[in-house]
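Chain identifiers are assigned alphabetically (A, B, ...) following the order of the sequence lines, protein sequences preceding nucleic acid strands; residue numbering begins at 1 within each chain. Side chains are part of it too, since the values below use all heavy atoms of this structure and drop only hydrogens, waters and symmetry mates.
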Protein chains: 2
Amino acid sequence: MVVRLADVAREAGVSPATASRVLNGSSRSPAEAIAEKVRGAAERLGYFPNAQAQALARSSAGLVGLIVHDIADPYFSSIAHGVQHGLKGSGLRVMLSSTDRDGETEMEAVRAFMSYRTEGIVLAGSRTVDGDEHLAAAVETYRKNGGRVVMIGQPLPGTLGLRVDNRGSAAELVRQLVALGHRRFVILSGDMNLVTVGDRHAGILEGLAEAGLEPLAVLPGIFTRDGGLEAMTEYLESAKGEVARGQVCVLAANDVMALGALTAVRRAGLRVPQDVAVAGFDDIATLEDMVPSVTTVRLPLDAMGEQAARMLLGEEGEEAIQVVEGEPVLRESTAFCL
Amino acid sequence: MVVRLADVAREAGVSPATASRVLNGSSRSPAEAIAEKVRGAAERLGYFPNAQAQALARSSAGLVGLIVHDIADPYFSSIAHGVQHGLKGSGLRVMLSSTDRDGETEMEAVRAFMSYRTEGIVLAGSRTVDGDEHLAAAVETYRKNGGRVVMIGQPLPGTLGLRVDNRGSAAELVRQLVALGHRRFVILSGDMNLVTVGDRHAGILEGLAEAGLEPLAVLPGIFTRDGGLEAMTEYLESAKGEVARGQVCVLAANDVMALGALTAVRRAGLRVPQDVAVAGFDDIATLEDMVPSVTTVRLPLDAMGEQAARMLLGEEGEEAIQVVEGEPVLRESTAFCL
DNA sequence: AGTAAGTGGGAATGCGCTTTCCAAGATATA
DNA sequence: TATATCTTGGAAAGCGCATTCCCACTTACT
């Protein structure tokens, strides 16, 4: 049914060894006349090398693993795009795992990638405050077995990765907002068990402290658009007075939460930014088409994915960890209104 | 360095055959006492099966391929999410290829998936009007070699798939807009070489024709947000008069183009929907947070991905092709203004 | 012409696992 | 007790390919 290398060799009247040398970039390549015969035979028979067999023989599978929390989230899909792009031309294929933020699923992905002998793993998605020992152990095992791991966000010790300066960037955002005149902040935090959330939170508090301020409220929630919508809706219900007293500036833990919050504000019949100013974090693509445009901290997501891929390929010098600074981008959604 | 099954077997004092039977869901399972010894040994040694070797021995790799035009595009990332979800529990892993709409890259992906002996391929992304013979041939070869192919959009003949009724849905959208009072339409078409674009275009014309209308203009462009932005900007430059004469309704070939168009309109200092109404197609997630909310045709993207996965698994009866109807969702961006 | 060095192709081995196929022991039936 | 029927674990043969040797043969040089 399926054409094997041996079939091609027979058809071309050569040995499997020769056929192999012709069809795969071997260091030794046979005479052109023979090579031509082999290629002709392969073409005629419709030969496709069996990647599993190659992987076994070469003990290298030509795969890399990509783990993200949610591929439908623009944050991760941009990174995924960058990774694909960065891998282009390397001959490596990517295995994707979208874990829906489930730790067990994430571990399972690492184990699977271990089994598939992927050359490396790009692991995007926040670490959690408490439950990472298992993941760390799995990653460690993976590395011991010869795989490279590039983490985006907060690299685990020993791994390569891009460390996003969530804390510093958040603090800087707050500084700029304070300079604009804002004083009354509400933090829309997301799941505090996520390290990313914690860091951004800490950065915000730091920025506020520098100005001698404290947040009016801290709203926990889920780290998604709907999470932002819910938490904000609830807040606006319970704190009508606060908002009536003057413009409030909501600092969301990421952009999708900010979008949810934005919608919540509008549904409550309030204006952005006059009544409630809103800022996000990440600078996902759709943000620039919003009206009012939304303040955020820009992260070069696509480039980060690409760089992660290059680190995996070992093309990035031996800088184990690179720090990514976010750049605050002040837009209309946080215009200060007396 | 790396632990093999044979090592586990030796450690447990059994044969490799027995170890294999214990550790992988074989039909024959040894006595519990022995099984326990084997599991213990595997655990102690940190054994991970080599998926390549298993694939070779079983001649089945436990992989499925997923090909999308651009994983960063919310249309595709939603589908990808659905596919992942639909595969959950099947033990299948997904190999991703984001092709950036390049036919050659797409072909390469099919070939790679052929080599990796994936059980099937989910192929999302529009066919092109002219250049599909190669793809069709590759897909045909793939199928002959025993793989299933599920196409989302316009299934090629012989493949399984979800056929999106682009034409009918577009016509229906137009009907509803006409009923609202709109008469002056501009079509923002995207690359007419894409079948999806052509179908939606045809549907729009059909809807217009029913009302005895013709489009004011047809703007070709690239099938992305920036494509929409550019084409619309250009149009607004060159057709100031047209817009001044009264509200124009722009029908974009998809949502991301519509978002670009929206921004173009605003940058030109015009109002949505009073001066220019805008409608998209797909109903990507961020649409609901836009102000004004954007009219579109809703496609159940996530569910489509999930269903595609199930079709690949053969869980969907033997209906080879299922038709997906889009549902027009009229929102503020197309409010009719005299 | 004779030897050394180089070339090019093939036989054979092994990558790590699954899966027949066997054999030996256990149990059952007459 | 002797024969038939299950069970169970192991030996061995692949799965499809890359690659190391090895050998036959050229070419270069003295």
Side-chain angles (χ1 to χ4, degrees), chain A residues 1-39 41-42 45-63 91 112 114-119 145-146, chain B residues 1-39 41-42 45-63 91 112 114-119 145-146:
Chain A
M1 173 82 191
V2 132
V3 182
R4 287 151 316 173
L5 185 59
D7 302 324
V8 175
R10 194 175 328 110
E11 167 89 7
V14 301
S15 76
T18 302
S20 170
R21 289 195 264 253
V22 172
L23 296 176
N24 312 59
S26 162
S27 51
R28 283 182 50 181
S29 55
E32 187 49 37
I34 296 212
E36 200 45 58
K37 274 203 302 186
V38 173
R39 277 192 287 267
L45 266 42
Y47 169 71
F48 283 85
N50 182 318
Q52 322 295 341
Q54 290 187 317
L56 195 55
R58 293 175 171 153
S59 45
S60 133
L63 294 171
M114 186 122 49
S115 273
Y116 278 94
R117 302 298 191 262
T118 55
E119 320 291 321
N145 283 27
Chain B
M1 174 81 193
V2 134
V3 182
R4 287 151 315 169
L5 184 61
D7 301 324
V8 176
R10 193 174 328 109
E11 168 89 6
V14 302
S15 76
T18 302
S20 170
R21 289 197 264 254
V22 172
L23 296 176
N24 312 59
S26 162
S27 51
R28 284 182 50 181
S29 57
E32 186 50 35
I34 296 211
E36 201 43 58
K37 275 203 302 185
V38 173
R39 277 193 287 266
L45 266 42
Y47 169 71
F48 283 84
N50 182 318
Q52 318 296 338
Q54 291 186 316
L56 194 56
R58 296 174 168 153
S59 43
S60 133
L63 294 171
M114 186 121 50
S115 273
Y116 278 93
R117 304 297 192 259
T118 55
E119 321 291 321
N145 284 29

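Contact check for B/Arg4 versus B/Asn50: no side-chain heavy atoms found under the 4.5 Å cut-off.
Projected onto DNA chain D by closest heavy-atom contact, B/Ala53 and B/Gly13 fall at different nucleotides, the more 5' of which corresponds to B/Gly13. Nearest-nucleotide mapping onto DNA chain C: of B/Ala17 and B/Gln52, the residue sitting toward the 5' end is B/Gln52. Nearer the 5' end of DNA chain D, as judged by each residue's closest nucleotide, is the contact made by B/Val14, out of B/Val14 and B/Ser59.
When the nucleotides D/dA18, C/dG9, D/dC15 are ranked by their closest atom to the side chain of A/Arg21, C/dG9 comes out on top. Checking C/dT19, D/dA18, D/dC17 against every side-chain atom of B/Arg58, the shortest atom distance belongs to C/dT19.
Taking atom CZ on B/Arg10 and atom P on D/dA11, their separation rounds to 13 Å, with Å as the unit. Nucleotide C/dG16 holds its C1' atom 6 Å from the CG atom of B/Asn50, rounded to whole Å. Rounded to an integer number of Å, the gap from CZ of B/Arg117 to P of C/dC17 is 20 Å. Following rounding to the nearest Å, A/Ile34 (CD1) and C/dG10 (P) show an atom-to-atom distance of 6 Å. Between the CD atom of A/Glu32 and the P atom of C/dG8 there is a distance of 12 Å, rounded to whole Å. Atom CZ of B/Arg4 and atom P of C/dC17 are 8 Å apart (whole Å). One interatomic measurement links the two molecules: CG of A/Leu5 to C1' of D/dG14, which rounds to 16 Å at whole-angstrom precision. Following rounding to the nearest Å, A/Phe48 (CZ) and D/dC17 (P) show an atom-to-atom distance of 12 Å.
The backbone N or O of A/Ala51 lies less than 3.5 Å from no partner atom in the side chain of B/Ser115, so there is not a single donor-acceptor pair. With hydrogens and angles ignored, the 3.5 Å screen pairs no side-chain donor or acceptor of B/Glu11 with any backbone N or O of B/Ala42.
For B/Tyr116 and D/dG16, the shortest distance from a side-chain N or O to OP1 or OP2 is not below 4.0 Å. For the OP1/OP2 pair of C/dG10 and a distance below 4.0 Å, the side-chain nitrogens and oxygens of A/Thr18 include at least one atom meeting the criterion. Side-chain N/O atoms of A/Gln54 include none lying less than 4.0 angstrom from OP1 or OP2 on D/dC17. For B/Ser15 and D/dA11, the shortest distance from a side-chain N or O to OP1 or OP2 is not below 4.0 Å. The phosphate of D/dA18 (OP1 or OP2) has a side-chain N or O of A/Asn24 nearer than 4.0 angstrom.
The only member of B/Val2, B/Val38, B/Val8, B/Asp7 that meets side chain to side chain contact (heavy atoms under 4.5 Å, CB included) when paired with B/Tyr47 is B/Val8.
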Inset, instruction - Any chance you could lay out the side-chain contact (heavy atoms from CB on, under 4.5 Å) test for A/Val14 and A/Arg21, step after step, and finish with the verdict? - result: CA-CA 11 Å; A/Val14 301; A/Arg21 289 195 264 253; over 6 Å; no
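Residue A/Pro49 is in sugar-phosphate contact alone, with no base atom involved, counting any heavy-atom pair closer than 4.0 Å across all strands shown.
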